[in-house]
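Taking it in order: structure first as structure tokens, then the write-up.
Quick note: numbers below take in every heavy atom, side chains included, and nothing from hydrogens, waters or symmetry partners. All chains are named by letter (A, B, ...) in the order of the sequence lines, taking the proteins before the strands, and each is independently numbered beginning at 1.
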Protein chains: 2
Amino acid sequence: MKTLSNETLDQVAVFLKSMAEPTRLRILRALHDEEKTVSQIMEETGAGQSNLSKHLAILTGAHVVRFRKNGTFTHYRIADPNITVILDTVCRSIADRIRQARTTLKEIERERR
Amino acid sequence: MKTLSNETLDQVAVFLKSMAEPTRLRILRALHDEEKTVSQIMEETGAGQSNLSKHLAILTGAHVVRFRKNGTFTHYRIADPNITVILDTVCRSIADRIRQARTTLKEIERERR
DNA sequence: TGCATATATGAAGATATAGTCATATACTCA
DNA sequence: TGAGTATATGACTATATCTTCATATATGCA
């Protein structure tokens, strides 16, 4: 990262921003291992149809997901395995943090007794 | 990621959002391998003092950086190696993408001649 | 060809956020 | 103790963004 230009960091910001929203993260969770249609993603995320469409446009623009059309259906999928690796790395890190925070809290509570 | 709750994804969003801004990425680039004072970070990033202070507060709140005080100086550093791993992974991915896009463009231009 | 379904887009409103300016706070030192 | 320096914070403005509602577009099928 130290060698990256400001322009490249701007692209990194766009990329990260595309995933830095709870609704879009739910979309990516739904798409984690397989492609799905807009309707399926709606069901799994609970997002409204037009809201979902806008978020999918953002993720597509950032090359996080891509799509193919089949009749009236549009099938979305994670754009490439790199994205999945990044998502898994970040999510594991945060999940570990939360778990560790809970453990610490329990230990503090135990010490009080 | 598939097993994560909505609450955890909300935390992931906060974490990603904290880094999804060009100014904060410049801060993280400055801090990549070593701790630095606010003044040093100002010099390296070009950010205004109060703007920098606010961004450092966001990064601290998201546990991306942490600090120690030494007299009037506040020394900031990346909070833990996990953060560096994530940053490097994401930056490498985007840099590769940009490099690949440039290569493709050159090949297209060669074919036109 | 018209209806039904799936999806994309424009407009509007509410909320979030980045940067600047001014000021407050903390610390050091002569 | 006051001046100087480093840093944090409040207030304000402009811009970005999320969600909803209404509507447009694309496709398939009877």
Side-chain angles (χ1 to χ4, degrees), chain A residues 6-7 9-31 34-77 79, chain B residues 6-7 9-31 34-77 79:
Chain A
N6 280 350
E7 289 68 37
L9 288 187
D10 291 347
Q11 294 303 311
V12 173
V14 169
F15 174 76
L16 289 171
K17 190 167 285 184
S18 74
M19 305 192 292
E21 231 289 315
T23 304
R24 291 199 286 279
L25 285 172
R26 288 176 182 77
I27 294 168
L28 295 174
R29 180 177 59 186
L31 295 178
E34 54 202 342
E35 77 171 6
K36 286 190 172 103
T37 65
V38 172
S39 304
Q40 290 173 316
I41 302 170
M42 264 180 72
E43 275 196 41
E44 293 193 31
T45 60
Q49 181 271 311
S50 87
N51 190 27
L52 178 59
S53 228
K54 288 179 195 298
H55 282 301
L56 284 167
I58 292 170
L59 288 169
T60 305
H63 304 290
V64 173
V65 305
R66 62 185 167 84
F67 65 86
R68 67 178 176 90
K69 300 212 181 196
N70 178 20
T72 51
F73 294 99
T74 310
H75 300 255
Y76 283 90
R77 66 186 301 123
Chain B
N6 280 351
E7 289 68 35
L9 289 187
D10 290 347
Q11 292 304 311
V12 173
V14 168
F15 174 75
L16 289 172
K17 190 166 287 184
S18 75
M19 304 192 292
E21 233 288 316
T23 304
R24 292 200 286 279
L25 284 172
R26 289 176 180 80
I27 294 168
L28 295 175
R29 179 178 60 186
L31 295 178
E34 56 201 340
E35 77 171 8
K36 287 191 171 101
T37 65
V38 174
S39 304
Q40 289 172 316
I41 302 170
M42 265 181 69
E43 275 196 42
E44 292 193 33
T45 60
Q49 181 271 311
S50 86
N51 189 29
L52 179 60
S53 228
K54 289 182 196 297
H55 284 300
L56 284 166
I58 292 170
L59 289 169
T60 305
H63 304 291
V64 173
V65 305
R66 59 185 170 86
F67 64 87
R68 67 179 174 88
K69 301 210 180 199
N70 178 18
T72 51
F73 294 98
T74 310
H75 299 255
Y76 283 89
R77 66 186 301 124

- Between A:K69 and B:T72, which has a closest nucleotide on DNA chain D that is more 5'?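 Result: B:T72.
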
- OP1 or OP2 of C:dA6 sitting under 4.0 Å from any side-chain N/O of A:Y76?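 Checking A:Y76 against C:dA6: no side-chain N or O falls below 4.0 Å of OP1 or OP2.
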
- Sidechain-backbone polar pair: A:R29 side chain, A:T45 backbone, donor-acceptor under 3.5 Å: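 No.
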
- Message: Ignoring hydrogens and geometry beyond distance, is the side chain of A:T23 in donor-acceptor contact with the base of D:dC18 at under 3.5 Å?
- Response: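 No pair found.
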
- Task: Please state whether the base of D:dA8 and the side chain of B:Q49 form at least one donor-acceptor pair under 3.5 Å?
- Result: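 Indeed there is one.
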
Quick one: label [X] by what it contacts on the DNA or RNA (base, sugar-phosphate, nothing), any heavy atom closer than 4.0 Å.
X: B:T74; result: sugar-phosphate
X: A:I41; result: nothing
X: A:F67; result: nothing
X: B:T37; result: sugar-phosphate
X: B:S39; result: sugar-phosphate

- Rounded distance in Å - CD (A:E21) to C1' (D:dT19):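 Atom CD in A:E21 sits about 10 Å away from atom C1' in D:dT19.
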
- Item | Out of D:dA8, C:dG19, D:dT19, whichever nucleotide has its closest atom nearest the side chain of A:H55 |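 Within the option list, the nearest is D:dT19.
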
